[in-house]
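Here's the structure we're looking at; comments come further down.
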Number of protein chains: 2
Amino acid sequence: MSAKARPTYSAIAKAAGVSEATVSRVLNGDERVNPERTAAVLKAVDDLGYRKNRAATALASGRTGLIAVVIDDDLSIFDDPFWGTVTSGISRVLMENHLQTVLMVTSVNNVDGPVAHYLESREVDGAIFFQLHKDAMVRKLAKAGLPIVITGSPHTDADLTFVDTDNFGGGYAATKHLMNRGCKKVAIITGDIETTAGHQRLDGYNQVYRELGRVPAKTLVKQGDYSYESGHIQMQHLLAENPDVDGVFACNDLMALGAIAAIEEAGKSVPGDVAVIGFDDSIPARTSRPQLSTVRQDINALGEAAAQLMIAQLNGELVESRIMPIELVLRESA
Amino acid sequence: MSAKARPTYSAIAKAAGVSEATVSRVLNGDERVNPERTAAVLKAVDDLGYRKNRAATALASGRTGLIAVVIDDDLSIFDDPFWGTVTSGISRVLMENHLQTVLMVTSVNNVDGPVAHYLESREVDGAIFFQLHKDAMVRKLAKAGLPIVITGSPHTDADLTFVDTDNFGGGYAATKHLMNRGCKKVAIITGDIETTAGHQRLDGYNQVYRELGRVPAKTLVKQGDYSYESGHIQMQHLLAENPDVDGVFACNDLMALGAIAAIEEAGKSVPGDVAVIGFDDSIPARTSRPQLSTVRQDINALGEAAAQLMIAQLNGELVESRIMPIELVLRESA
DNA sequence: CGCAAGCGTGAAACCGATTTCACAATAATA
DNA sequence: TATTATTGTGAAATCGGTTTCACGCTTGCG
């Protein structure tokens, strides 16, 4: 009656005059099938418009064709375009390799929660995690043999595969630029120091001082939380404690903008009196006045790299973590 | 030797002293199983730490437990936090209902491309699409019986289920507010008019004029493309053609900021000479100076609503599209 | 020339659930 | 009380692929 039932191996086998086993071999690229048979199978597949049933494949082979992308609830996902861009880079590369992206936005803290269970159950072939505060769960999964890639640096030195922006290099480049342009007293407004990324940017800043044989005054190092407001407040403190501060490296653009506001409110000019440089090259960096000089990370490339490392792992290749280069974007503020 | 092999129905059935069929019934909430047997099964499940194999379930039942979220390549995803927020709202609600989100970032134009094939093949139980320029593929899939929800309004009046922000209401509220605050000559910088959303915001603007028995001059309606630059340029045109324009509704925040820049460059003040109101309540709206008055949409709720409509469809309920309310956020610019 | 190794192939077992169907036990009806 | 529904249950078929195993045949080597 209805010819709309999807064809199965049985139909292909019949049409091509071979066994189902041979159909499977052809469709999985087994080399040692007779070319004529191979051709017959491929023709039948084409004629009948056959497409594999993924559930059946998954059940029989144990491979689901799915990769989880796990994003911690904690991340300020809700207004940061960062993760969206990374994720779309991941998704594109995975799709090109016939893998699908399963997106999970949840609390990653719980080593025994539903997400952990889901991943342990091998309902995915691998998992890509976004920077996390606690990596206990990830380490557990990795130990259990699940292929894993972390976007952002892991806390511990456990040999987890990761991709990350060159945070150290970014902090270094920004600070160095401020020094080179003549700043004498360069401050830093850090992000979350608990985070590896936050720490590394601070390290880059310190390294510049070290190379100059100097040590930054304690009052030049302020801790923010990546918010506009924290940039604003910490800058006020900086100005109060160091009236002659003439350069600021803010660890993200938002804090940089907050800092600029504070500087101008104090009757000083940017970059005339105080040069400011941010991190991320986000949209506001381009539209603010003065336009913000900043450290750009190629977020899309970050996602692509993460996906590629995952694929390499699935292919059983030996993979090494990658640090993606940054680029200093000079506009008006420094 | 190794006790780590995952238990299956067979093990549960043996431990509980029932058949596999009964195990299945218990685990799928079939009411008519003897309570004692039910308890025995549940105990066995707990004791053995059993968890279902999704691939097997999918193969046997036809339900994959996966919902696709399809995002068009064309969308300026790469720096718009909008879709990320919506997606995370979707993901959270789906997870609560034991469904996983499959993220697909690709070109949706191709009615016969890999995405279409993937979705047609029933490798997912349903699909949520983001606003699209062409909905041919979506309609095809819907006709094929795939549960579908669209985030953003569909082009045609086909009876596709969708959730959308009240774009008309937003345009109306913004324009009305400008009028109420005393503006005599209110202009609009539209977004992409081809888009339903863009068109609806313009309709809201026109409606205010209509209710006042007026018709906006042609020169007061300018078309932008949602970019900062287009806001800047169109505002320059507006000022040139209408030196006495005193209110502007820009169809997104970015264009509003561009407009403000143009106004200030022309030696006028905001909101003193020209009041400006945007749309989205994005980050820059809060950090710019003057702070931007804007139309806020509850993006997270939008995602949640989309997921809920999907779940309702899966449950066979009759669903109706939803329009989510907007909120006027008044800051400094109007 | 004889025997071991290698190759291509199909039959059948298998992956782990769901679902149909038949059957026995019980309740409802005549 | 005889008969028909109803109910709970297990055996077995089923979903659509993958993979093991054995078989027949060709090739290589001593």
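Numbered from 1 within each chain, the chains take letters A, B, ... in sequence-line order. We use all heavy atoms of the structure for the numbers below, so side chains are in, but hydrogens, waters and symmetry mates are not.
Here A/Val33 lies in heavy-atom contact (under 4.0 Å) with sugar-phosphate atoms only. Among the heavy atoms of the strands lying under 4.0 Å from B/Val18 are primed sugar atoms or P, OP1, OP2 only; no base atom is included.
Distances shorter than 4.0 Å separate none of the side-chain N or O atoms of B/Arg37 from OP1 or OP2 on D/dG8. In this structure, B/Tyr9 does not reach the D/dA11 phosphate: none of its side-chain N or O atoms is under 4.0 Å from OP1 or OP2. At the phosphate of C/dA11, neither OP1 nor OP2 sits under 4.0 Å from any side-chain N or O atom of A/Ser19. Considering only side-chain N and O atoms, A/Asn28 lies under 4.0 angstrom from the phosphate OP1 or OP2 of D/dT18. OP1 or OP2 of C/dG16 has not a single side-chain nitrogen or oxygen of B/Thr8 nearer than 4.0 Å. Note on B/Thr22: a side-chain N or O is less than 4.0 Å away from OP1 or OP2 of D/dG10. B/Thr57 has no side-chain polar atom (N or O) that falls below the 4.0 Å cut-off from OP1 or OP2 of C/dA17.
B/Gln308 has its side chain within reach of B/Val93: a pair of non-hydrogen atoms, C-beta onward, lies under 4.5 Å apart.
Remark: the A/Arg32 side chain and the C/dG6 base include no donor-acceptor N/O pair separated by less than 3.5 Å.
Between A/Asn53 atom CG and D/dT14 atom C1' the separation is 13 Å, expressed in whole Å. Rounded to an integer number of Å, the gap from CG of A/Leu59 to P of C/dC15 is 9 Å. The distance from atom CG of A/Asp30 to atom C1' of C/dC7 is 11 Å, rounded to the nearest whole Å. Rounded to whole Å, the distance from CD on B/Glu36 to C1' on D/dG8 is 13 Å. Put simply, CD1 on B/Ile12 is 9 Å from P on C/dA17, counting in whole angstrom units. Rounding to whole angstrom units, NZ of residue A/Lys52 and C1' of D/dG16 are separated by 11 Å. Between the NZ atom of B/Lys14 and the P atom of C/dG16 there is a distance of 14 Å, rounded to whole Å. Atom P of nucleotide C/dG16 and atom CD of B/Glu20 are separated by 11 Å, given to the nearest angstrom.
With rounding to the nearest 0.5 Å, the separation of CE in A/Met104 from OG in B/Ser91 is 7.5 Å. Atoms CD1 and CE, on A/Ile90 and A/Met95 in that order, are 14.0 Å from each other to the nearest 0.5 Å.
A salt bridge does not link B/Glu31 with B/Arg25: none of the charged nitrogens is closer than 4.0 Å to a carboxylate oxygen.
If B/Ala60 and B/Arg25 are placed on DNA chain D by their nearest nucleotide, the residue sitting closer to the 5' end is B/Arg25. Take the nearest nucleotide of DNA chain C for B/Ser10 and for A/Asn34: the residue whose nucleotide is more 5' is A/Asn34. Nearest-nucleotide positions on DNA chain D for B/Gly17 and B/Ala56 put B/Gly17 closer to the 5' end.
Of all non-hydrogen atoms in A/Pro7 and A/Leu48, the two that sit nearest each other are CG-O, 3.6 Å.
Counting only heavy atoms from C-beta on, A/Ala21 has its side chain closest to C/dA11 among C/dT18, C/dA17, C/dA11.
Ring geometry for B/Phe130 versus B/Trp83: interplanar angle over 60°, hence perpendicular rather than tilted (30 to 60°).
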